[in-house]
Protein chains: 2
Amino acid sequence: MKRVTSKDVARVLGVSQSTVSRAFSADARIPEETRRKILESARTLGYTPNELARGLLKRKSNIVGVVMADMLNPFYPNVLDIMSRHLHGSGKRMLLFSVPNDTDVDEVLPFLLQYKVEGVIITSATLSSKMADVFRNHDTKVVLFNRAVYDHSVSSVCCENVDSSANVARLLVRAGHKQFAIIGGKPDTSTHIERSGGFQRELRRSGLTLLAEEFGGNTFEGGFRAAKALLGAKERPDAIFCISDVMAMGALDAARCELGLNVPGDVSIVGFDDIPSAAWPSYDLTTVRQPVEAMVSQALSILAEDVGYGSSAPVAVRVPGEIVIRRSAKLEPIRRKAHFPA
Amino acid sequence: MKRVTSKDVARVLGVSQSTVSRAFSADARIPEETRRKILESARTLGYTPNELARGLLKRKSNIVGVVMADMLNPFYPNVLDIMSRHLHGSGKRMLLFSVPNDTDVDEVLPFLLQYKVEGVIITSATLSSKMADVFRNHDTKVVLFNRAVYDHSVSSVCCENVDSSANVARLLVRAGHKQFAIIGGKPDTSTHIERSGGFQRELRRSGLTLLAEEFGGNTFEGGFRAAKALLGAKERPDAIFCISDVMAMGALDAARCELGLNVPGDVSIVGFDDIPSAAWPSYDLTTVRQPVEAMVSQALSILAEDVGYGSSAPVAVRVPGEIVIRRSAKLEPIRRKAHFPA
DNA sequence: CGAGTTTGTGCATACGTATGCATATTCTGG
DNA sequence: CCAGAATATGCATACGTATGCACAAACTCG
């Protein structure tokens, strides 16, 4: 079958191609009546504007590139879903790249430039400053999601990691815990540094100190192993703060199923993210909820240049997190109960 | 900054734009030496071919559209990840749409045509036969993933739902279960019909019959509620087959945490999918593993026209599933407890 | 009723690339 | 050394759309 173009529609109605084109652009001066006829005729002919041609001419596809470096972390499906909806709602499409956790994101970024994307969102990863320059030269905005860099080379949207984590520590301390451990993700990531740092800062304020820190790479198995190591040691922590929920759930299972401990009786476990399974009765995980909707909105605003007032200077947005108290941690003073189903 | 095009590269090297273009196409007759120089110069200038222009000319972007109707089901992140890798491996890009579970997929499909996608993969949803025609007219292939239609209007790739489910039933029957229940997804979906049907077929073969069927919409909460209803009834099932793992996990938590039952002591629970969390110690779910890698390969083969031998007739591919035995179901013949001699 | 304004439409061109055709160059073998 | 083949490259054009410009028609108002 032959494809149908704006010229075909034009010929059928005896108008020019320009007129057809204008009927599809909202802000063109064209009488409603004509537009109606054109749109109707277009529909019966099965015509839809070719986005490739449009993009070529305007030098912008209305595509936003999304690079996910940790799709298997249960935190991200929700993020992706919300991003997809938001984008679609504002007439944009999403070009998605899922890359292995330890890949160099730089390698896939050039592909995005080839499609003249309007912007790029990178989750759980960073890009080299060289690549940041490349994007700046193509004036294509980049936003890091749930990750930050401190040299102001790119924008980022994150949860208030430091304060949220400090709050977790405060609650744990107040409840009388004495021996604190952290299960981190990956050592050199902003997420880890901030959450671990915030937690420890608060410990120091209370004159306490960290017993041990393990790394679980943000996987269930990693959290499981880390907890097993921590809880099997001579000096056992009575509170473990996990930098992400998947690890917290692994830790919980290690404590209960592997070591026969009682949670939170023997050890309190707190996570970060509030992924859906954190609310499942078997886990009932106390955690810090990341405000995904708000974070996505912010990220898209940055791309849309609503933020920063035209200055293309990178911004670092922080959205406050919220502690969700369930039953994986002993938190005496505010023994509020939010269990499943609500 | 001004964008750099093939003409710019051409000018720098004193060759024509055509030559530059040919350097980027693998099958063009051009001496290696020239190509090398051009590619090098392109790299220093920061030139990459504009895919929009290329697509416009060839009438094909090398983009594959993916529509996910149930992203929040933990089965899909893995699918998406694997798809993304496979596509990227064969030089294709992915345009992703995540739509609400009950949306009409038809509405987003036209957007894909606008980008002249090479093909479309739809997961957990169907398209109207009218829309199937539209795609056929644009000769753009569509493949349903984990869903099928029976009128041969579109290709599909699924697990061997019927046989796998029958096998589950056989194992449960052999182990001595008597009272069977099913927690289904959504009534009119192929996935539900086939899995529920296969299970019941095997029951009938053994002269048994289904006690009850509930629907959980493939969510944890749905499975939770369904199991609560089933297990709270006068006649309680001793085996529940859940059409998907998320629901099985909900059912498990309902049985244990809500009703205080022992799994598999009081009731055996079997799922379908083998999502990552099925292996978590707290659940340890016996389930049917869907061979995602193989399914994705098949789907992409269909799009690439490797399957079907040039005939563009839709094909229905079925990939065998594999039962993964864990501990949420009693699958050894039940040793009846010997009564004390009278 | 006419000068000026508004409104509607067409013409022509540009976006950046791929490719058929023509031409120039090198190579082959007799 | 030459005819013909093979190789390398340039020219010109097409892909489908958006838009500046020009122009025609309709309208405004004094």
Side-chain angles (χ1 to χ4, degrees), chain A residues 1-39 41-42 45-63 91 110-111 113-118 138, chain B residues 1-39 41-42 45-63 91 110-111 113-118 138:
Chain A
M1 156 157 179
K2 62 184 281 292
R3 65 237 167 265
V4 28
T5 73
S6 55
K7 275 179 196 154
D8 299 322
V9 179
R11 195 172 335 105
V12 168
L13 278 92
V15 299
S16 77
Q17 179 269 327
S18 318
T19 305
V20 176
S21 169
R22 287 193 251 258
F24 278 87
S25 122
D27 54 286
R29 47 198 167 93
I30 189 178
E32 264 320 306
E33 173 62 8
T34 311
R35 163 169 292 146
R36 204 189 46 70
K37 267 197 301 207
I38 292 181
L39 291 184
S41 169
L45 289 179
Y47 167 76
T48 34
N50 183 327
E51 281 294 337
L52 299 175
R54 200 201 282 252
L56 174 58
L57 194 54
K58 317 243 289 195
R59 290 207 190 74
K60 282 286 182 200
S61 63
N62 53 357
I63 298 180
F111 293 109
L113 289 176
Q114 297 192 292
Y115 285 93
K116 307 298 163 195
V117 296
E118 299 207 333
H138 283 73
Chain B
M1 154 158 182
K2 63 183 282 293
R3 66 234 167 266
V4 29
T5 75
S6 55
K7 274 180 197 154
D8 299 322
V9 179
R11 193 172 336 107
V12 169
L13 277 91
V15 298
S16 77
Q17 179 269 325
S18 321
T19 304
V20 175
S21 169
R22 286 193 251 260
F24 279 87
S25 121
D27 54 287
R29 48 195 166 89
I30 189 178
E32 263 320 305
E33 173 62 9
T34 312
R35 162 168 293 145
R36 203 189 48 68
K37 265 196 300 207
I38 291 180
L39 292 184
S41 169
L45 290 179
Y47 167 76
T48 35
N50 183 328
E51 281 295 336
L52 299 176
R54 200 201 282 253
L56 175 58
L57 195 53
K58 316 243 288 197
R59 291 203 190 76
K60 281 287 182 199
S61 63
N62 54 358
I63 299 180
F111 293 110
L113 289 177
Q114 297 191 294
Y115 284 94
K116 307 298 163 195
V117 296
E118 298 207 333
H138 283 73

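The chains referred to below are lettered A, B, ... by the order of the sequence lines, with proteins before strands, and numbering in each begins at 1. Owing to the predicted nature of the structure, the values given are computational and were not obtained by experimental measurement.
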Quiz item: Do B:Phe24 and B:Tyr47 pass the ring pair (Phe, Tyr, Trp, His ring centres under 6.0 Å) test, and can you show the C-alpha distance, the side-chain angles, and the key distance before you say yes or no?
Solution: CA-CA 11 Å; B:Phe24 279 87; B:Tyr47 167 76; 5.4 Å; yes

Exercise. Begin from the C-alpha positions of A:Asn50 and B:Tyr115 and carry the test side-chain contact (heavy atoms from CB on, under 4.5 Å) through to its verdict.
Key: CA-CA 7 Å; A:Asn50 183 327; B:Tyr115 284 94; over 6 Å; no

Quiz prompt | Exercise: do B:Ser18 and B:Ser21 side chains pair donor with acceptor under 3.5 Å | solution = no

Rounded to whole angstrom units, what separation is found between the [atom1] atom of [X] and the [atom2] atom of [N]?
X: B:Leu56; N: C:dA14; atom1: CG; atom2: P; value: 16 Å
X: B:Glu32; N: D:dT7; atom1: CD; atom2: P; value: 14 Å
X: A:Glu33; N: C:dT7; atom1: CD; atom2: C1'; value: 16 Å
X: B:His138; N: D:dG16; atom1: NE2; atom2: P; value: 12 Å
X: A:Ile30; N: C:dT9; atom1: CD1; atom2: P; value: 6 Å

Self-check item: N or O in side chain of A:Arg59 less than 4.0 angstrom from C:dG16 OP1/OP2
Solution: yes

Exercise. For nucleotides 17-26 of chain C, just jot down a letter per nucleotide in 5' to 3' order: B, S or -, based on protein non-hydrogen atoms under 4.0 Å.
Key: BBBB------

Practice problem: Using side chain to side chain contact (heavy atoms under 4.5 Å, CB included) as the criterion, list what pairs up with A:Thr48, not counting sequence neighbours. | Solution: B:Gln114

Quiz item: When you measure from the side chain of A:Asn62 to the backbone N and O of A:Glu118, does any donor-acceptor pair fall under 3.5 Å?
Solution: no

Quiz item: Passes side-chain contact (heavy atoms from CB on, under 4.5 Å), B:His138 versus A:Arg3? Steps please.
Solution: CA-CA 7 Å; B:His138 283 73; A:Arg3 65 237 167 265; 5.9 Å; no

